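Since we're looking at a predicted model, the values are computed, not measured. Residue numbers run from 1 in the order of the sequence given. Heavy-atom basis, side chains included; hydrogens, waters and symmetry copies ignored.
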Amino acid sequence: MKKILIIEDEKNLARFIELECKYEGYDVSVEYDGRTGVEVALNNEWDLILLDIMLPGLNGLEVCRRVRALKDTPIIMLTARDSVIDRVSGLDSGADDYLVKPFAIEELLARIRSLFRRLEHQDHGKSGHRYQYKDLVVEEDSRLVKRDGEIINVTKREYDLLVTFMENKNVVLTRDLLLERVWGYDTEVETNVVDVYVKYLRNKVDRKGEPSHIETVRGMGYVMRE
């Protein structure tokens with residue numbers, strides 16, 4: 001049984017989500033403030049965290065950062081904030097998906113199912129795989145990214161984006177396709193978020209004065225060319 005932690009200070013909403021998730025067969029726990037939420041998140045094993053951004057004690061972005069620093073637990077952020085910068089901030093802090101309030105419970109449940117399917121697909125049959133592009137290496141067993149043997153620290157989203165490029169060398173990937181592969185079919189994230197993450201990734205894997213590992217194809221998307 002999948003275990004879900006809900007961290008949401010709106011008690012009526014939290015109770016509603018809890019009951020619906022339990023009806024779907026999930027084992028659910030609820031916390032109502034950020035400080036208790038992050039402690040429970042870190043001291044127990046969860047298959048998913050549903051995390052509100054506007055929390056008392058410690059906001060959701062900081063909770064997400066603290067969890068992500070120590071664990072890869074999937075996180076879906078729930079928030080009333082709908083601007084691009086808010087979505088980027090949520091995803092950049094380590095969230096796997098982002099749902100804007102008010103939302104239909106059917107959509108949240110579909111996002112949860114989609115996220116679990118995507119994670120199972122990513123885990124299936126990939127153990128031990130090693131990708132290489134020029135002097136850049138990705139080792140899936142250890143989830144390490146290296147350039148000339150030196151470890152490069154990347155976030156989970158940056159890692160998934162890099163692996164997608166390395167799995168599709170010489171194939172031009174559109175922003176919509178990258179959103180589907182890295183963020184999931186049901187995401188509400190806008191395509192310019194892809195540009196932001198490609199920039200983050202370039203800043204980490206490229207060297208100043210040298211051509212980028214990730215080439216921009218104007219009007220289309222991005223590609224790693226051999």
Pairs meeting criterion ring pair (Phe, Tyr, Trp, His ring centres under 6.0 Å) with involvement of [range], two or more places apart:
| range | answer |
| --- | --- |
| residues 55-77 | none |
| residues 206-226 | Y133-H213 |
| residues 134-163 | none |

Does [X] have any salt bridge (charged side-chain N to carboxylate O under 4.0 Å, His left out) partners at least two apart in sequence or in another chain, and if so, which?
| X | answer |
| --- | --- |
| E139 | K146 |
| E45 | K71 |
| R202 | none |

In the hydrophobic cluster built from side-chain contacts under 4.5 Å, what are the other members alongside V223?
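For the cluster that includes V223, the remaining residues are V172, V217, M220.
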For R207, is there an ion pair with D135 - N to carboxylate O distance below 4.0 angstrom?
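Judged by the 4.0 Å cut-off on N to carboxylate O distance, D135 and R207 do form a salt bridge.
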Does M1 belong to the same Ile/Leu/Val/Met/Phe/Trp/Tyr cluster as I6, with side-chain heavy atoms less than 4.5 Å apart forming each link?
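Per the 4.5 Å side-chain linkage, M1 and I6 are not co-clustered.
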If the condition is side-chain contact (heavy atoms from CB on, under 4.5 Å), which residues does [X] pass it with, not counting sequence neighbours?
| X | value |
| --- | --- |
| T155 | R157, E158, K204 |
| F16 | E20, I105 |
| N170 | R225, E226 |

Only distances under 3.5 Å count here; give the side-chain donor-acceptor pairs of residues 26-33 to other protein atoms, sequence neighbours excluded, each with its distance to 0.1 Å.
residue : atom : partner : partner atom : Å
D33     : OD1  : R35     : N            : 3.1
D33     : OD1  : T36     : N            : 2.9
D33     : OD1  : T36     : OG1          : 3.2
D33     : OD2  : T36     : OG1          : 3.0

Quick one: side chains of residues 46-55, donor-acceptor pairs under 3.5 Å with protein atoms, not counting sequence neighbours, listed by atom name and distance.
residue : atom : partner : partner atom : Å
W46     : NE1  : V40     : O            : 3.2
D47     : OD2  : K3      : N            : 2.7
D52     : OD1  : K101    : NZ           : 3.2

